[in-house]
Colleague: 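My questions will all concern the structure given below.
Residue numbering restarts at 1 for every chain, and letters A, B, ... go by the order of the sequence lines. Every value quoted in this text rests on a predicted model; they were computed, and no experiment measured them.
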Amino acid sequence: AQKVTQAQTEISVVEKEDVTLDCVYETRDTTYYLFWYKQPPSGELVFLIRRNSFDEQNEISGRYSWNFQKSTSSFNFTITASQVVDSAVYFCALSEGSNTGNQFYFGTGTSLTVIP
Amino acid sequence: DAMVIQNPRYQVTQFGKPVTLSCSQTLNHNVMYWYQQKSSQAPKLLFHYYDKDFNNEADTPDNFQSRRPNTSFCFLDIRSPGLGDAAMYLCATSGTGRWETQYFGPGTRLLVL
């Protein structure tokens with residue numbers, strides 16, 4: 001079973017629109033960690049945020065915000081006033097506290113295109 | 001700036017001709033990873049090192065090998081590349097805790113002719 005699901009394969013928005021990228025995860029662990037990465041066309045995975053399972057506070061960083069809800073096992077990512085530079089593939093990932101190694105479970109990614 | 005460096009950024013090889021990709025890091029992290037990423041897919045973990053301890057994923061083909069001569073460097077050897085091995089290869093590093101963020105290099109895009 002897929003541990004991290006990103007149901008949106010591709011999203012297109014017009015510049016300055018807000019957009020939310022969905023991430024739903026599955027784990028039996030009580031301790032786990034969630035991550036978002038951005039992968040621009042150049043290919044490098046850029047770390048955006050980490051959240052641990054004990055911290056449900058939402059976070060805002062500039063135009064980026066994250067909504068973590070344990071009740072629905074979701075960790076959604078919103079970009080406000082999108083810009084062309086936000087065009088990239090975004091990956092959500094899960095690390096479980098019971099890992100024998102530091103394995104990340106990646107979602108399949110959401111490709112975001114921001115149209116000028 | 002502390003970082004993860006991968007060389008080369010692009011590598012072209014011939015079918016069956018061995019190739020080595022390199023990764024170095026200045027983050028002084030104990031754990032290093034190699035991922036394979038094919039077009040429109042998530043990165044797939046090939047193996048990782050806890051310091052010098054090598055951990056192979058169960059479904060990583062024998063054609064892929066790795067070496068970590070010291071903390072800073074890690075190499076990915078593909079002994080006999082096939083057309084299906086054309087992909088982006090990503091190196092990452094992290095600390096040893098399960099909460100640790102993995103930091104990625106820019107990747108090496110491998111083309112097999």
Colleague: Assess the residue pair A:F104 and B:Y33 against the criterion (side-chain contact (heavy atoms from CB on, under 4.5 Å)); give the C-alpha distance rounded to whole Å, side-chain angles, the decisive distance to 0.1 Å, and a yes or no.
Modeller: CA-CA 11 Å; A:F104 271 22; B:Y33 311 78; 6.0 Å; no
Colleague: Given that the side chain runs from C-beta out, which part of B:Q37 has a heavy atom under 4.5 Å from chain A: side chain, backbone, both or neither?
Modeller: side chain
Colleague: Nearest 0.5 angstrom please: A:Y37 OH to B:Q102 CD, how far?
Modeller: 5.5 Å
Colleague: Please answer: with hydrophobic residues joined when any side-chain heavy atoms are less than 4.5 Å apart, are A:V46 and A:L21 in the same cluster?
Modeller: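 Per the 4.5 Å side-chain linkage, A:V46 and A:L21 are not co-clustered.
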Colleague: Compare every heavy atom of B:E100 with every heavy atom of A:R50, then report the nearest pair and how far apart it is.
Modeller: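 Looks like NH1-CA, 4.0 Å.
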Colleague: Kindly work out whether a path of hydrophobic side-chain contacts (I/L/V/M/F/W/Y, heavy atoms less than 4.5 Å apart) joins B:L83 to B:Y89.
Modeller: yes
Colleague: Are A:I49 and A:L112 connected in the hydrophobic side-chain network, where two residues link if heavy atoms are under 4.5 Å apart?
Modeller: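 Yes, it is one cluster - the side chains of A:I49 and A:L112 are joined through contacts under 4.5 Å.
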Colleague: Counting only heavy atoms not in B:K17, do more than 12 fall under 6.0 Å of its NZ?
Modeller: no
Colleague: Testing the basics here: between B:A42 and A:G107, what is the closest heavy-atom pair and its distance to 0.1 Å?
Modeller: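 Scanning both residues completely, I find the closest heavy atoms to be CB-O, 3.1 Å.
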Colleague: Kindly work out whether a path of hydrophobic side-chain contacts (I/L/V/M/F/W/Y, heavy atoms less than 4.5 Å apart) joins A:F91 to B:Y103.
Modeller: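 Result: yes, single cluster for both.
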Colleague: CD/A:Q39 to CG/B:L90 distance, rounded to the nearest 0.5 angstrom?
Modeller: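 So the gap between those two atoms works out to 6.5 Å.
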Colleague: Report yes or no: does A:Y32 contribute a side-chain atom to a donor-acceptor pair with the main-chain N or O of B:W99 at less than 3.5 Å?
Modeller: no
Colleague: Identify which part of A:Q6 has an atom lying under 4.5 Å from any heavy atom of chain B, answering side chain, backbone, both or neither.
Modeller: neither
Colleague: Does a side-chain heavy-atom distance below 4.5 Å link B:T101 with A:F35?
Modeller: yes
Colleague: So which heavy atom on B:F104 is nearest to which on A:E44, and how close?
Modeller: O-OE2, 3.4 Å
Colleague: Does atom CG of B:N70 have more than 12 heavy-atom neighbours from other groups under 6.0 Å away?
Modeller: yes
Colleague: May I ask you to check whether over 12 heavy atoms, not counting those of A:R51, lie within 6.0 Å of atom CZ?
Modeller: yes
Colleague: With rounding to the nearest 0.5 Å, note down the distance linking CZ in B:R9 to OG in A:S42.
Modeller: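 Interatomic distance, B:R9 CZ to A:S42 OG, rounded to 0.5 Å: 6.5 Å.
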Colleague: I'd like to know if B:F15 and B:L110 are part of one continuous hydrophobic network [Ile/Leu/Val/Met/Phe/Trp/Tyr, side-chain heavy atoms within less than 4.5 Å].
Modeller: yes
